[in-house]
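The structure appears below as structure tokens.
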Number of protein chains: 2
Amino acid sequence: MVLSTVTKYGKKILEIVSSSHSHMTAEEIFDVLRQTYPTVVLATVYNNLNRLWQDDLIRKVSVEGMPDRYDRIQRHDHLVCKQCGRLLDIDLGDLTKQLEKKAGLSILSYDLKLTYLCEDCKKKIERNGA
Amino acid sequence: MVLSTVTKYGKKILEIVSSSHSHMTAEEIFDVLRQTYPTVVLATVYNNLNRLWQDDLIRKVSVEGMPDRYDRIQRHDHLVCKQCGRLLDIDLGDLTKQLEKKAGLSILSYDLKLTYLCEDCKKKIERNGA
DNA sequence: AATAAAATTAGAATGATTCTAAAAAATAAT
DNA sequence: ATTATTTTTTAGAATCATTCTAATTTTATT
């Protein structure tokens, strides 16, 4: 029971997630996958996403109150707007060594999410008075 | 519509969350709150948690596949076991300035989660062979 | 005291995700 | 290649967390 073999669907799902920079939900991935395999079922998407995640081939990003999103594995960080929840990529460089040193243990990965107010929300708040 | 007034329930919920180091779920908070107010309802807990979170009086921590957890606001980071999902506190110091500088924008807060394998899971994996 | 605004309640509704059991497909073993 | 075993997929029900709705109660304001 080593690394699971990548199946037909798994392979395609991995492609979809890896090539997207938009943090897709299972539902969105499902919609894209259907274009190639019209008979596929949502549970299969979840099965594969979980398998790929277990095997460290994709990342899972949870933003409070939203469905989980799936992301390419390539190291990068995230910027979340506190107001509207909009999620953006940002790269603050690899902090693994620095963090491991501080933590005094070895880590598999880390997840860094900066919360801010996006320009749109900042404007809206100004309009309505803070 | 400034900072919402803290209500009877809100006050107690804030106390519960702030004094706990165990990242409680809404359900768990509900159970504790009931000891004081036996007639309170789960929706009220959610209402207040959301209000407190909006007002930056508590934190919300999402770990994939688990119900949201609520946490004291006091700055600290988290350690999550990839295998069992166990969540621990860890303090790696305040990186706000460093991150703002790198990101080139001002942030409200940040959320840093280290993924690792806890001792128990490491042992289990060794036993079953990786 | 009367009015307005906000919070709470009860319970239904929603939505994301998992589960179950059966069928199909892939892999390994004879 | 045939059979047996394991893994994946399917369909749909089930679950669980969370939100929503509308009515009621509480709190604050005039």
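- Residues in residues 83-106 of chain B take part in these salt bridge (Lys or Arg N to Asp or Glu O under 4.0 Å) pairs, two or more places apart or across chains: R72(B)-D89(B), R75(B)-D91(B).
- Between dT18(D), dT9(D), dT8(C), one nucleotide has an atom nearer to the side chain of N47(A) than all others, and that is dT9(D).
- Applying the side-chain hydrogen bond (donor to acceptor under 3.5 Å, both in side chains) criterion to S22(B), with sequence neighbours excluded, gives S20(B).
- Out of dT9(C), dT18(D), dT9(D), the shortest distance to the side chain of Y9(A) is found at dT9(D).
- Following rounding to the nearest Å, W53(A) (CH2) and dT17(C) (P) show an atom-to-atom distance of 12 Å.
- Residue T7(B) places none of its side-chain N or O atoms closer than 4.0 Å to OP1 or OP2 of dA7(C).
- Qualifying side-chain hydrogen bond (donor to acceptor under 3.5 Å, both in side chains) partners for K82(A), counting only residues two or more places apart in sequence or in other chains: D56(B).
- Grouping the Ile, Leu, Val, Met, Phe, Trp and Tyr side chains by contacts below 4.5 angstrom, directly or via other members, places L87(B) apart from I107(A).
- Placement of I90(B) and L95(A) within a single hydrophobic cluster is found when ILVMFWY residues are connected by side-chain heavy-atom separations under 4.5 Å, directly or transitively.
- In this entry the distance linking CG of N48(A) with C1' of dT10(D) reads 13 Å, nearest Å.
- By the criterion of side-chain heavy atoms lying less than 4.5 angstrom apart, applied directly or through intervening Ile, Leu, Val, Met, Phe, Trp or Tyr residues, L79(A) is not grouped with M24(A); the two fall into different hydrophobic clusters.
- Atom-to-atom, CZ of R51(B) to P of dA6(C) comes out at 11 Å; the value is rounded to the nearest Å.
- In this structure, Y46(B) places its OH atom 17 Å from P of dA10(C), rounding to the nearest Å.
- Here H78(B) and H76(B) bring their ring centres to under 6.0 angstrom of each other.
- Listed in residue order, the members of residues 15-37 of chain B having a heavy atom less than 4.0 Å from DNA chain D come to none.
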statement: In B/S/- notation (B base, S sugar-phosphate only, - none; protein heavy atoms under 4.0 Å), nucleotides 11-16 of chain D written 5' to 3' is SB----
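- For L42(B), whose side chain is taken as the heavy atoms from C-beta onward, the closest listed nucleotide among dA7(C), dT18(D), dT17(C) is dT18(D).
- Remark: P of dA6(C) and CG of L52(B) are 17 Å apart, rounded to the nearest angstrom.
- Counting only residues at least two apart or on different chains, the salt bridge (Lys or Arg N to Asp or Glu O under 4.0 Å) pairs with a member in residues 103-112 of chain B are K113(A)-D111(B).
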